[in-house]
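Chain letters run A, B, ... following the sequence lines, proteins first and then strands; every chain starts at 1. As the structure is a prediction and not an experimental result, all values here were calculated from the model.
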Protein chains: 2
Amino acid sequence: MSGFVLACKERGLRLTHQRLEVYRALAKAKDHPSAEMLYQRVRKRVPTISLDTVYRTLGSLEEEGFIARVGTAMSSARFEFNPEPHHHFVCVRCGGIRDVEAHSLGHDALAKYLPKSYHVLSSHVEFRGLCPDCLEKTSKS
Amino acid sequence: MSGFVLACKERGLRLTHQRLEVYRALAKAKDHPSAEMLYQRVRKRVPTISLDTVYRTLGSLEEEGFIARVGTAMSSARFEFNPEPHHHFVCVRCGGIRDVEAHSLGHDALAKYLPKSYHVLSSHVEFRGLCPDCLEKTSKS
DNA sequence: CTCCATGCAAACTTTTTGCAGCACC
DNA sequence: GGTGCTGCAAAAAGTTTGCATGGAG
């Protein structure tokens, strides 16, 4: 908590009542809430807060690295035909998605890391980084 | 292709011009297109097709297992505070998300499976299946 | 006092749905 | 010929943005 206060000062973020409560609500949450879910929770303590403030606050906190977005941050759904189990590499620069062969990163190899109390149906790895094309453009410039 | 025709008959799906063209466009695509991207491509061959037909067709093809959706299928963005690198388990029944410790499935262990031409910044595993709670409810009934 | 953050409303994007007509089987 | 699919339009859901006000520093 106090670490958050200090970090805000360092980065020039204003420490508003709303921002603090959104941060606290997410730090306390164990269920990976959506913006709407956080809005409902924070509203109990700050009845006048608006949903767009929650969105804007989450955006700020994400930019500053305090919080993370679960799963892929893609604006729209993407589809593929490849019926073989495989993984994906997402380029953070060009947004392109490339298939990654499962090789020894198969389902069984991954699923064994979970407790036996889970019934795992599928497993999927998503890598993020720079694809060969963007990497080449970077080194050239 | 002919496999698709046969599979449609087996499952009682009507083999319309539109459905076939959406299927072909996705089978040919290498870039994991969105519904809108597919719409633009199919429109060149079937100028009267509508975007909602593309959506409906993609939904049917996904249900039948012909195609897959890339990444997490979540209606809204979900956030988390946990700053430690970790993975996620998504329950297909209750939609709940649980953290999975990275253990030996750390970034380095995963990234080594990619060609060196990629610059990998992060790696994340997403498991899907039944969580312990839903599994228990299933066995009881 | 200054400027960033907030709240309100409205726009925007992506996806879904109701309905009438058409096409596949 | 009946049923499911299509196209149109409108709605729904999630998220973003413009603008005037208010509160933090």
Side-chain angles (χ1 to χ4, degrees), chain A residues 4-26 32-64 66-67 69-79 95, chain B residues 4-26 32-40 42-64 66-79 95:
Chain A
F4 177 63
V5 175
L6 290 174
C8 279
K9 282 189 181 172
E10 271 180 21
R11 306 174 206 210
L13 286 182
R14 289 200 179 157
L15 198 67
T16 62
H17 189 198
Q18 293 89 328
R19 183 165 289 169
L20 189 56
E21 289 297 339
V22 170
Y23 175 86
R24 290 185 55 195
L26 190 51
H32 309 77
S34 64
E36 177 72 34
M37 289 160 78
L38 279 171
Y39 171 54
Q40 296 301 341
R41 292 173 203 179
V42 173
R43 208 144 69 122
K44 288 176 187 161
R45 306 178 114 264
V46 190
T48 63
I49 198 174
S50 66
L51 179 56
D52 18 78
T53 295
V54 175
Y55 272 108
R56 273 189 270 234
T57 302
L58 288 172
S60 302
L61 296 180
E62 187 187 9
E63 271 183 30
E64 299 298 331
F66 289 120
I67 67 174
R69 200 176 286 255
V70 179
T72 317
M74 283 188 293
S75 54
S76 58
R78 305 284 287 266
F79 299 86
Chain B
F4 178 61
V5 175
L6 291 174
C8 279
K9 282 190 182 172
E10 272 179 21
R11 306 173 207 210
L13 285 182
R14 287 197 182 160
L15 197 68
T16 63
H17 189 197
Q18 293 89 328
R19 184 165 290 168
L20 189 56
E21 289 297 341
V22 170
Y23 176 85
R24 289 185 57 194
L26 189 51
H32 309 76
S34 64
E36 177 71 32
M37 289 159 78
L38 279 170
Y39 172 54
Q40 296 301 343
V42 173
R43 206 143 72 122
K44 289 175 187 162
R45 307 178 114 265
V46 191
T48 63
I49 199 173
S50 65
L51 179 57
D52 18 79
T53 295
V54 175
Y55 272 107
R56 274 189 270 233
T57 301
L58 288 171
S60 303
L61 296 180
E62 187 187 10
E63 272 183 29
E64 299 298 331
F66 289 121
I67 67 173
R69 200 177 286 257
V70 179
T72 318
M74 282 189 294
S75 52
S76 58
R78 306 283 287 266
F79 299 86

* **Gap between atom NE2 of B/H17 and atom OG1 of B/T48 - 0.5 Å precision** => 8.5 Å
* Separation between CG of A/L26 and CZ of A/F66, rounded to the nearest 0.5 Å -> 12.0 Å
* Closest to the B/A35 side chain, choosing from D/dT15, D/dC5, C/dT15 -> C/dT15
* Could you run down nucleotides 20-25 of chain D 5' to 3' and tag each one B, S or - for protein heavy-atom contact under 4.0 Å? -> ---BBS
Return the set of residues passing side-chain contact (heavy atoms from CB on, under 4.5 Å) with [X] (not counting sequence neighbours), or none when no residue passes.
X     : value
A/R56 : A/D52
A/Y39 : A/E36, A/R43, A/I49, A/L51, A/V54
A/R19 : A/F4, A/L13, A/T16, A/T57, A/S60
B/A68 : A/E80

* Structure fact -> Heavy-atom nearest nucleotide on DNA chain D taken for B/S60 and for B/R78; more 5' hit belongs to B/S60
* Let me know, please, whether B/A77 or B/T53 comes out on the 5' side of the other along DNA chain D by nearest nucleotide. =>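 Mapping each residue to its closest nucleotide by heavy atoms, the 5'-most match is B/T53.
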* To do: Answer yes or no: does a side-chain N or O of B/Y55 lie under 4.0 Å from OP1 or OP2 of C/dT16?
  =>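 Checking C/dT16 against B/Y55, no side-chain N or O comes under 4.0 Å of OP1 or OP2.
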* Asked: Does B/Q18 place a side-chain N or O at less than 4.0 Å from the phosphate oxygens OP1/OP2 of C/dA23?
  -> no
* Side-chain heavy atoms of A/Y23 within contact of A/L61, under 4.5 Å -> yes
* Could you tell me which non-hydrogen atom of A/R78 sits nearest to which non-hydrogen atom of A/G95, and how far apart they are? => NH1-O, 4.3 Å
Distances under 3.5 Å between nitrogen or oxygen atoms of protein and nucleotides 8-13 of chain D:
residue: D/dC8; atom: N4; partner: B/R56; partner atom: NH2; Å: 3.4
residue: D/dA9; atom: N6; partner: B/D52; partner atom: OD2; Å: 3.0

